[in-house]
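Everything on this sheet refers to the single structure shown next.
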Amino acid sequence: MAKAQPVRGTHDLLPDDFAAHREVISVARQTAATFGYREMATPIFEFTDVFARSMGETSDVVSKEMYSFDDRGGESITLRPEYTAAICRAFISNGLQQNVPFRAFGAGPMFRYERPQKGRQRQFHQIDIEIIGAPEPAADVEVISVGAEILNRLNVLHKTVLHLNTLGDPESRDGYRAALVAYFNDHRDKLSEDSLGRLSRNPLRILDSKDEGDRRIVEHAPLFGDYLNQQSQDFFGTVLFGLDTLGIAYELNPRLVRGLDYYTHTAFEFVTDALGAQGAVIAGGRYDGLIGQLGGPATPGIGWAGGIERLAMLSGATGEAPRPIALIPIGEAAETEALKIGQALRRDGFIVDQAFRGNLGKRMKRADKLNAAAALIFGDDELAKGVVQVRDLTTGDQSEVSLDGITRALAGHEGSRA
RNA sequence: GCGGGUGUAGCUCAGUCGGUUAGAGCGCCAGAUUGUGGCUCUGGAGGUCGCCGGUUCAAUUCCGGUCACUCGCCCCA
């Protein structure tokens, strides 16, 4: 092991990475804001129970992927593996049922102990929106359309496909699940080992198995459509109609199921094939039972989470450092004057770079390397006249400008403001 | 958690059929050019060849283990 190695599955976000990261967040934040979602944050850790009860003890995340530990007071604490349960807990804790429908946007780190891959890290970051207290299918349409609009503004919508399915209401889902379990039990001798495990934990997942043998059995498995009650069908129909109205394209995918217990009705994923095996960039669904399971008043909800790293990769966003204004004093008196000029320019919003050492040539090279938009050059001669040389480093044009005219002379460099 | 690939300078990569001082391009530093950047030229710094162990007179090279990344499974964002 090399020295100073980061923990497996964690990554540093250096300034360029961070700029791309922040771009995803700010596009999402702005887009969500236009729909009335307000940003909030919850703690990065919660009582383990918050996730164990909501996501289901048998889910992969809870059973083997959580960063859980006992704190010094003996409480079992877990670094959040997802945002939804935490926001729902906050909804209950703060008595927000007065405020429904409650729309929230959040962004931050999540933690799962998984085997790292491209697009899969142990600390990763998500953007997340939730709408709580809206049982109407219009909320499903809205939440999906927020996601589509964010992808659109990030210029990646065309690289994704929206997969859509319904899990129905609890009655439909339980009925289907029972039928599936009965069917697969009759064929358990032919199921893969993975699927035998799924049979007890989450039989719906067998539908999505990639195993050849499993697929042959799945072909003749009962269909969800036959178990959806009228209400669930109507609900889903309304969602589809809304998406059609908005011109949001989707593919119905009856194999799209969720690994977490709390989902009902609409389940969806924006998937890309451009990132290898980790193709879901935004995924979510309706969770009408979740808040009740957490001990709150029965309240429906729907939302999604998007992987910031995956979105940043997909958009190809690369952070670019802004172009500063370089201050290049020559001589001691000018160094002193430079402090004052720099202060004034910064108060005016400019990004100002001041080298701490070097002669004129050195500092010009540095200014060039920083991709500075302009250099302000001044020595004793200029100070005596109360001027500075303003050199445009793109064009090479240079002119003498009086001290109180610097801001005006930099008018063409709005891109150099922070 | 399971199976495969990879690991040589800050970055991208050559190379060593086991043998003396391990290379290139880019980048970095300095000089040509002590009041004017980009181009060019010259010079320089920078490597425990991922780590630990084994075999060997000798290992960066072969073998084992390990760590990290990566591809697929699993799971998901």
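All chains are named by letter (A, B, ...) in the order of the sequence lines, taking the proteins before the strands, and each is independently numbered beginning at 1.
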(message) Base, sugar-phosphate or nothing for Gln121(A)? Non-hydrogen atoms, less than 4.0 Å.
(response) base
(request) Grab the CD-C1' distance between Glu114(A) and rG72(B) for me, whole Å please. (result) 15 Å
(message) Return whichever of Ser209(A) or Ala280(A) has its heavy-atom-nearest nucleotide of RNA chain B closer to the 5' end.
(response) Ser209(A)
(message) Counting only Watson-Crick pairs (N1-N3 plus N6-O4 or O6-N4) and G-U wobbles (N1-O2, O6-N3), all under 3.5 Å, who is the partner of rU20(B)?
(response) none
(request) Give the rounded distance in Å between these two atoms: CD1 of Ile25(A) and C1' of rA77(B). (result) 14 Å
(message) Applying the Watson-Crick and G-U wobble criteria at under 3.5 Å, what pairs with rC73(B)? Answer none if nothing qualifies.
(response) rG1(B)
(message) If I pick the C1' atom on rC49(B) and the same atom on rU60(B), what distance separates them, to the nearest angstrom?
(response) 4 Å
(request) Go ahead and name the base partner of rA68(B); Watson-Crick or wobble counts if both distances stay under 3.5 Å, otherwise write none. (result) rU6(B)
(request) Assign Ile308(A) to base, sugar-phosphate, or nothing according to its heavy-atom contacts below 4.0 angstrom with the strands shown. (result) nothing
(request) Quote, to the nearest angstrom, the P distance that separates rC13(B) from rG3(B). (result) 28 Å
(message) Taking the basic N atoms (NZ, or NE/NH1/NH2) and the acidic carboxylate oxygens, is any pair closer than 4.0 Å for Arg120(A) and Glu309(A)?
(response) no
(request) Could you check which nucleotide pairs with rG44(B) in any of the strands shown, counting Watson-Crick or G-U wobble with both distances under 3.5 Å? (result) rC28(B)
(request) Measure from CD1 on Ile206(A) to P on rC75(B) and round the result to the nearest Å. (result) 10 Å
(message) Using salt bridge (charged side-chain N to carboxylate O under 4.0 Å, His left out), reason through Asp140(A) and Arg286(A) one step at a time and then give a plain yes or no.
(response) CA-CA 7 Å; Asp140(A) 304 49; Arg286(A) 180 166 276 280; 2.6 Å; yes
(message) Quick check on Arg201(A): does its CZ atom have over 12 non-hydrogen neighbours (other residues, nucleotides or ligands) under 6.0 Å away?
(response) yes
(message) Of the options rC76(B), rC73(B), rC75(B), whose atoms approach the side-chain atoms of Asp60(A) most closely?
(response) rC75(B)
(request) For Arg8(A), report the nucleic acid contact type (base, sugar-phosphate, nothing); a contact means any heavy atom under 4.0 Å. (result) sugar-phosphate
(request) Assess whether atom CZ of Phe47(A) is packed by more than 12 heavy atoms of other residues, nucleotides or ligands within 6.0 Å. (result) no
(request) Hey, which sits more toward the 5' end of RNA chain B by its nearest nucleotide, Leu275(A) or Glu65(A)? (result) Leu275(A)
(request) Kindly determine whether Thr299(A) and Ile132(A) satisfy side chain to side chain contact (heavy atoms under 4.5 Å, CB included), including the steps that lead there. (result) CA-CA 7 Å; Thr299(A) 310; Ile132(A) 300 176; 3.7 Å; yes
(request) Grab the CG-P distance between Leu14(A) and rC11(B) for me, whole Å please. (result) 11 Å
(request) Would you kindly give the CG-to-C1' distance between Asp16(A) and rC11(B), to the nearest whole Å? (result) 14 Å
Distances under 3.5 Å between nitrogen or oxygen atoms of protein and nucleotides 3-7 of chain B:
unit_1	atom_1	unit_2	atom_2	d
rG3(B)	O6	Arg115(A)	NH2	3.2

(request) Using whole Å, report how far CZ of Arg205(A) lies from C1' of rC75(B). (result) 7 Å
(request) Check every strand shown and say whether Gly331(A) touches a base, only sugar-phosphate, or nothing at a heavy-atom separation below 4.0 Å. (result) nothing
(request) Write down the distance separating the P atoms in rG46(B) and rA22(B), rounded off to the nearest Å. (result) 13 Å
(request) Can you tell me, in whole Å, how much space there is between the P of rG50(B) and that of rG19(B)? (result) 16 Å
(request) Would you indicate what Ala367(A) reaches in the nucleic acid, counting non-hydrogen atoms under 4.0 angstrom: base, sugar-phosphate, or nothing? (result) nothing
(request) Looking at every strand, decide which applies to Arg198(A) at a 4.0 Å heavy-atom threshold: base, sugar-phosphate, or nothing. (result) sugar-phosphate
(request) Determine the interatomic distance between P on rG38(B) and the same-named atom on rA32(B); round to the nearest Å. (result) 14 Å
(request) Using a strict cut-off of less than 4.0 Å between a Lys/Arg side-chain nitrogen and an Asp/Glu carboxylate oxygen, indicate whether Arg173(A) and Asp169(A) qualify as a salt bridge. (result) no
(request) Walk me through it: do Glu142(A) and Arg103(A) pass the test salt bridge (charged side-chain N to carboxylate O under 4.0 Å, His left out)? (result) CA-CA 11 Å; Glu142(A) 176 182 296; Arg103(A) 290 181 173 87; 2.7 Å; yes
(message) Walk me through whether Glu46(A) and Arg80(A) qualify under salt bridge (charged side-chain N to carboxylate O under 4.0 Å, His left out).
(response) CA-CA 7 Å; Glu46(A) 298 274 351; Arg80(A) 64 185 182 199; over 6 Å; no
(request) For the pair Tyr176(A) and Tyr227(A), evaluate ring pair (Phe, Tyr, Trp, His ring centres under 6.0 Å) and give the outcome as yes or no after the intermediate values. (result) CA-CA 6 Å; Tyr176(A) 183 54; Tyr227(A) 290 82; 5.6 Å; yes
(request) Check every strand shown and say whether Gly9(A) touches a base, only sugar-phosphate, or nothing at a heavy-atom separation below 4.0 Å. (result) sugar-phosphate
(request) In whole angstrom, give me the gap between the C1' atoms of rC51(B) and rG7(B). (result) 11 Å
(message) Return a single string for nucleotides 28-37 of chain B, one symbol per nucleotide in 5' to 3' order, where B is base contact, S is sugar-phosphate-only contact and - is none, cutoff 4.0 angstrom on heavy atoms.
(response) SSSS---BBB
(request) Establish, for the pair Arg122(A) and Tyr113(A), whether the NZ or CZ atom is under 6.0 angstrom from the six-membered ring centre and no further than 45 degrees off its axis. (result) yes
(request) Choose from rC75(B), rU70(B), rG1(B) the nucleotide whose nearest atom is closest to any side-chain atom of Gln278(A). (result) rC75(B)
(request) Could you state the atom-to-atom distance from CG of Asp273(A) to C1' of rC71(B) in whole Å? (result) 16 Å
(request) Can you tell me, in whole Å, how much space there is between the P of rG64(B) and that of rC76(B)? (result) 36 Å
(message) According to side-chain hydrogen bond (donor to acceptor under 3.5 Å, both in side chains), who are the partners of Thr78(A), at least two apart in sequence or on a separate chain?
(response) Thr48(A), Ser68(A)
(message) Using a 3.5 Å distance criterion without hydrogens, assess whether the side chain of Ser416(A) forms a donor-acceptor pair with backbone atoms of Arg323(A).
(response) yes
(message) Could you tell me how far rG54(B) sits from rC11(B) if I compare only their C1' atoms? Round to whole Å.
(response) 34 Å
(message) Measuring to OP1 and OP2 of rC74(B), would you say a side-chain N or O of Lys210(A) lies under 4.0 angstrom away?
(response) yes
(message) Distance check needed: rA77(B) P versus Tyr113(A) OH, whole Å only.
(response) 20 Å
